[in-house]
Protein chains: 2
Amino acid sequence: MAQVATAKGRATRARIVEGAAEVLREQGVAFTTLDDIRSRTGTSKSQLFHYFPNGKDELLLAVAQFEADRVLEDQQPHLGRLDSWESWQRWRDAVVERYERQGEHCPLGSLFLQVGRSRPGARAIVTELMRQWQQQLAQGMLALQAKDLVSPELDVDRTAAALLAGIQGGVTMMMSTGDSTHLKAALDTGLDYLRARATGSGDV
Amino acid sequence: MAQVATAKGRATRARIVEGAAEVLREQGVAFTTLDDIRSRTGTSKSQLFHYFPNGKDELLLAVAQFEADRVLEDQQPHLGRLDSWESWQRWRDAVVERYERQGEHCPLGSLFLQVGRSRPGARAIVTELMRQWQQQLAQGMLALQAKDLVSPELDVDRTAAALLAGIQGGVTMMMSTGDSTHLKAALDTGLDYLRARATGSGDV
DNA sequence: CGAAAAATGGACCGGCAAGTCCAGAAAGCT
DNA sequence: AGCTTTCTGGACTTGCCGGTCCATTTTTCG
């Protein structure tokens, strides 16, 4: 599928994906037609189907992958170096900033719901994103343990899972309420949880 | 809108809402047509528009309200009596059980995304649900404080917000991954957070 | 240069699903 | 009973939007 041979072709394909991502963020999947994407990207119907022979679903899937890649990228380099209290704090700030900038649109959430159940592809993209995300959080906690900053008794996997859930929920709530209170609360409470298990701190 | 005068009419309207809720859970909003709802509920097109003159959007909104009401109901009586460690634990079990039973379908999440942006009504329903939910959690924490089970220094509002975010995220992740690990992790970590602030426990 | 392959434009088609309409049955009211 | 209101059935219309098709242009490459 989508055999792209020339540089021009590759550029067009990328333009379509990026433009589609924009439109989808603005209008949501439910209200976006191929014509919207076509006009935004300055392409024709035949181009859309040339690069995505399986039609809308395939295009949406490509956009989902595109967005998923950005999610982790936008948290770098902090997410990759969670080995001190300061770096965790910087990462926290980066996450808040990224989602406050993104505003009320969760491109992946809606894309998942649209393509979701039927196509296993969408599910795979989201699952894989979450797996990597959580894995990096866990790795950061292990780094704290290795540096003897956090008790070795901390259940890293469970804590990482809870933190990730808090972020997801915080972002979800931003979509409905429009403000980032819950996201911040989840992040800060999660960091508190870690700090309370700092070596030399309280028990439990 | 929807002036229902007779008992028969009221019954039909209720049948439509409940049947629609079923179909929507099974198929998702994106793949549900009025005809699906019509056939499931044994009604005719004109009945649908008789009870919901503004068409599909109005019906979806009614379903959203219906589902929202159930969310808190299903957590009772536990959610209303969070005044001991045991009751918090029972509530936690009730939440896990409810969502495990519900499986991979988040009726509100998808409804919100569909009707979402355009109609302010959907947003209001979700916002109000979240407000009440969080308020009840906060009240439970205050109860613990009043009984001198938890430090009075606990930031109740922030903690309740974080816990709610964790639940939302946990449920979201259940939709993609199909298992309740994250929901449990969020709940258990949240309860840990409270217990770590039990009177006579560690510092912070 | 010239043939083949890739890229593009845009008219057109067809189906589906939301919404309309009206006739007729049932229920309420006095 | 008889009149009004509510409720119901289902045929019909309508517009939108995903997808098809083919002609034309541009690029690649020997």
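As the structure is a computational prediction, the values presented were derived from the model and not from experiment. Chain A is the first sequence line, chain B the second, and so forth, proteins listed ahead of strands; every chain is numbered from 1.
Look at A:Arg25 and A:Glu67 and you find a salt bridge, because one of the NZ, NE, NH1 or NH2 atoms lies within 4.0 Å of a carboxylate O, short of that distance. Between A:Glu97 and A:Arg101 a salt bridge is recorded (basic side-chain N to carboxylate O distance below 4.0 Å). In summary, A:Glu128 and A:Arg131 engage in a salt bridge, as defined by a charged side-chain N under 4.0 Å from a carboxylate O. Using a 4.0 Å cut-off between charged nitrogen and carboxylate oxygen, A:Arg195 and A:Asp192 count as a salt-bridge pair. The pair B:Arg38-B:Asp35 meets the salt-bridge criterion, since a charged nitrogen lies less than 4.0 angstrom from a carboxylate oxygen.
C:dG19 atom C1' lies 14 Å from atom CD of B:Glu58, rounded to whole Å. One can place NE2 of A:His50 at 18 Å from P of D:dT25, the figure rounded to the nearest angstrom. Between B:Leu59 atom CG and C:dG19 atom C1' the separation is 14 Å, expressed in whole Å. Whole-Å rounding puts the A:Lys45 NZ to D:dT24 C1' distance at 19 Å. Distance B:Leu48 CG to C:dA17 C1': 13 Å, rounded to the nearest Å. When the C1' atom of C:dT20 is taken as reference, atom CG of B:Asn54 falls 14 Å away, rounded to whole Å. At whole-Å resolution of the value, CZ in A:Phe49 and C1' in C:dC13 are 13 Å apart. Rounded to a whole Å, the CZ atom of B:Phe52 is 15 Å from the P atom of C:dA18.
A side-chain donor-acceptor contact under 3.5 Å links B:Arg15 to the backbone of B:Thr41.
Residue B:Trp88 is tested with B:Arg81, B:Met141, B:His78 for a side chain to side chain contact (heavy atoms under 4.5 Å, CB included); the sole match is B:Met141.
Proximity of residues 32-42 of chain A to DNA chain C (heavy atom under 4.0 angstrom from any strand atom) is not detected for any residue.
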Under 3.5 Å, which protein N or O atoms sit close to an N or O of nucleotides 23-27 of chain C? Give each pair with its distance.
none

Problem set entry | Test side chain to side chain donor-acceptor pair (under 3.5 Å) applied to B:Gln135 and B:Gln139, step by step | CA-CA 6 Å; B:Gln135 197 262 329; B:Gln139 198 161 325; 2.9 Å; yes
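Put simply, A:Gln47 has a side-chain N or O that comes within less than 4.0 Å of OP1 or OP2 on C:dT8. OP1 or OP2 of D:dT6 has not a single side-chain nitrogen or oxygen of B:Tyr51 nearer than 4.0 Å. Here B:Ser46 does not reach the OP1 or OP2 of C:dC22: none of its side-chain N or O atoms lies under 4.0 Å away.
Nearest nucleotide to the side chain of B:Lys56, out of D:dG10, C:dT8, C:dG19: C:dG19.
Within a 6.0 Å radius of CZ in B:Arg40, other residues, nucleotides and ligands contribute more than 12 heavy atoms.
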